[in-house]
Amino acid sequence: MKTKGKFLLMTVEEMAVWLGFNRITRRITHIQNHHTWRPDYRNFTGNNHFALLEGMEHYQMTERGFSEIAQNLTTFPDGQVAVCRYFDRIPAGIKGANQFGLCIEHVGNFDVGGDLMTEEHKDGIVGLNALLCRTLKLIPSTDTIIYHHWYDLTTGKRTNGTGQTKTCPGTNFFGGNTVEAAETHFIPQIAAAMRRNNDV
């Protein structure tokens, strides 16, 4: 594990240990999955995790007026994960789905024609979602694992992709950003990872 200021950088395995020593007191019912879009893979050098986090926080505070970085967690192309906003603080991730949400930003542009996700990143994303489901006692489904694309940007209502929405976490994120794609490609991988660890 490495630290810089409030940011903690670790592997998913180290995250499992860290979670064992850190009690989550806020009620969390769902995990948000996002892509950063910018920065993307071209901005990742392999050793600039903290610089990217600091850059995201600076932008969100100065341009968006946030009190700190929006997301609770960030994943990187090398499979590592960073704790950004502590879990007991509500994220600024999806209008209408923040109060009981935990926000993960995945560094990259996962729209069609964007970044090709590395195997390390895929494993890290699946492993992190599985670990969080275990820790939070959530059963993987499209109610507990959600995408930004499923929520209308104006109303904050869940529309499953209709209305005014972002493509986030990307039109090529684990087979697509639709509810059906998540049910077919993403949720089963999380459930399988939990079964391998005897979590379900």
Without hydrogens or angle criteria, can the side chains of His34 and Tyr147 be said to hold a donor-acceptor pair below 3.5 Å? no

Any side-chain heavy atom of Ile31 sitting closer than 4.5 Å to one from Cys133? yes

Is the side chain of Thr165 donor-acceptor paired with the backbone N or O of Tyr151 at a distance under 3.5 Å, no angle test? no

Heavy-atom closest contact (Met56 atom, Pro39 atom, distance): CG-CD, 3.9 Å

Compute the ring centroids of His106 and His35, then answer whether they are less than 6.0 Å apart. no

Sub-3.5 Å donor-acceptor pair from the side chain of Asp152 to the main-chain atoms of Lys157, do we have one? no

Within the 4.5 Å heavy-atom criterion, are Thr3 and Leu9 side-chain neighbours or not? no

With clusters defined by side-chain heavy atoms of hydrophobic residues (ILVMFWY) lying less than 4.5 Å apart, directly or transitively, does Ile94 cluster with Leu136? yes

If you define the side chain from C-beta out and look only at heavy atoms, does anything of Tyr86 sit under 4.5 Å from Asn22? no

Indicate whether any N or O donor in one side chain lies under 3.5 Å from an N or O acceptor in the other, for Asn197 and Arg195. no

Can any side-chain N or O of Thr36 pair as donor or acceptor with the backbone N or O of Gly108 at less than 3.5 Å? yes

Report the C-alpha distance between Met61 and Ser67 in whole Å, list the side-chain angles of each, state the deciding distance to 0.1 Å, and finish with yes or no for side chain to side chain contact (heavy atoms under 4.5 Å, CB included). CA-CA 6 Å; Met61 291 177 69; Ser67 61; over 6 Å; no

Glu14 (side chain) donor-acceptor with Met1 (main chain) under 3.5 angstrom: yes

Spatial distance of atom CG (Leu53) from atom NE2 (His49) [nearest 0.5 Å]: 8.5 Å

Member of Phe110, Phe76, Phe173 meeting the ring pair (Phe, Tyr, Trp, His ring centres under 6.0 Å) criterion with His121: Phe110

Counting N and O atoms only, with roles assigned by atom type, does the side chain of Asp78 sit under 3.5 Å from a partner on the main chain of Gln80, one being a donor and the other an acceptor? yes

Closest non-hydrogen contact found for Ala16 with Leu131 is N-CD2, 3.6 Å

Within a strict 4.5 Å, meaning less than it, do heavy atoms of the Leu132 and Leu102 side chains meet? yes

Sequence neighbours left out, cut at 3.5 Å: what donor-acceptor pairs do the side chains of residues 177-188 make with other protein atoms?
{"residue": "Asn177", "atom": "ND2", "partner": "Thr167", "partner atom": "O", "Å": "2.9"}
{"residue": "Thr178", "atom": "OG1", "partner": "Ala181", "partner atom": "N", "Å": "2.9"}
{"residue": "Thr184", "atom": "OG1", "partner": "Glu180", "partner atom": "O", "Å": "2.9"}

I'd like to know if the side chain of Thr144 and the backbone of His30 have a donor-acceptor N/O pair within less than 3.5 Å. no

At their closest point, which heavy atom of Val12 faces which heavy atom of Gly79, and how far apart are they? CG2-O, 4.2 Å

Where do Met15 and Val83 come nearest, in terms of heavy atoms and distance? CE-CG2, 3.7 Å

Determine, using the 4.5 Å side-chain heavy-atom cutoff (strictly less than), whether Trp18 and Ile28 are members of one ILVMFWY cluster. yes

Test salt bridge (charged side-chain N to carboxylate O under 4.0 Å, His left out) on Glu105 and Arg85 and set out the steps. CA-CA 11 Å; Glu105 283 279 0; Arg85 178 187 282 226; over 6 Å; no

Are any of the side-chain heavy atoms of Thr142 and Trp150 separated by less than 4.5 Å? yes

Assess whether a salt bridge exists between Glu54 and Lys6, defined as any Lys/Arg side-chain N lying under 4.0 Å from an Asp/Glu carboxylate O. no

Nearest non-hydrogen partners of Val126 and Ala193, listed with the distance: CG1-CB, 4.0 Å

Can you establish whether the number of heavy atoms outside Lys2 located under 6.0 Å from its atom NZ is more than 12? no

Closest contact, heavy atoms only, Cys103 versus Gly93: SG-CA, 4.1 Å

For Arg89, is there any backbone N or O sitting under 3.5 Å from a side-chain donor or acceptor partner on Asn72? yes

Donor-acceptor contact below 3.5 Å, side chain Asn48 vs main chain Asn43: yes

So if you build clusters from Ile, Leu, Val, Met, Phe, Trp, Tyr with side-chain heavy-atom gaps below 4.5 Å, do Phe87 and Leu8 land together? yes

So do the side chains of Lys95 and Leu153 get within less than 4.5 Å of each other, counting heavy atoms only? no

Single-linkage hydrophobic cluster Ile104~Ile24, side-chain heavy atoms < 4.5 angstrom: yes

Is a donor from one side chain sitting under 3.5 angstrom from an acceptor on the other, for Asn98 and Gln32? yes

Donor-acceptor check, side chain of Asp88 to backbone of Arg26, threshold 3.5 angstrom: yes or no? yes

In the structure I gave you, are the side-chain heavy atoms of Glu57 and Phe7 within less than 4.5 Å of one another anywhere? yes

Could you state the interatomic distance from CE (Met117) to CG (Asn109), rounded to the nearest 0.5 Å? 10.5 Å

We want to know whether Gln164 and Thr154 form a side-chain donor-acceptor pair, criterion being a heavy-atom distance below 3.5 angstrom. yes

What I'd like to find out is whether the side chain of Cys168 reaches to under 4.5 Å of the side chain of Trp37, using heavy atoms alone. no

Is the side chain of Arg158 donor-acceptor paired with the backbone N or O of Gly96 at a distance under 3.5 Å, no angle test? no

Establish whether Tyr59 and Val107 are linked, either directly or via other cluster members, by ILVMFWY side-chain heavy-atom contacts under 4.5 Å. no

Could you tell me whether the side chains of Asn33 and Asn129 share a donor-acceptor contact shorter than 3.5 Å? yes

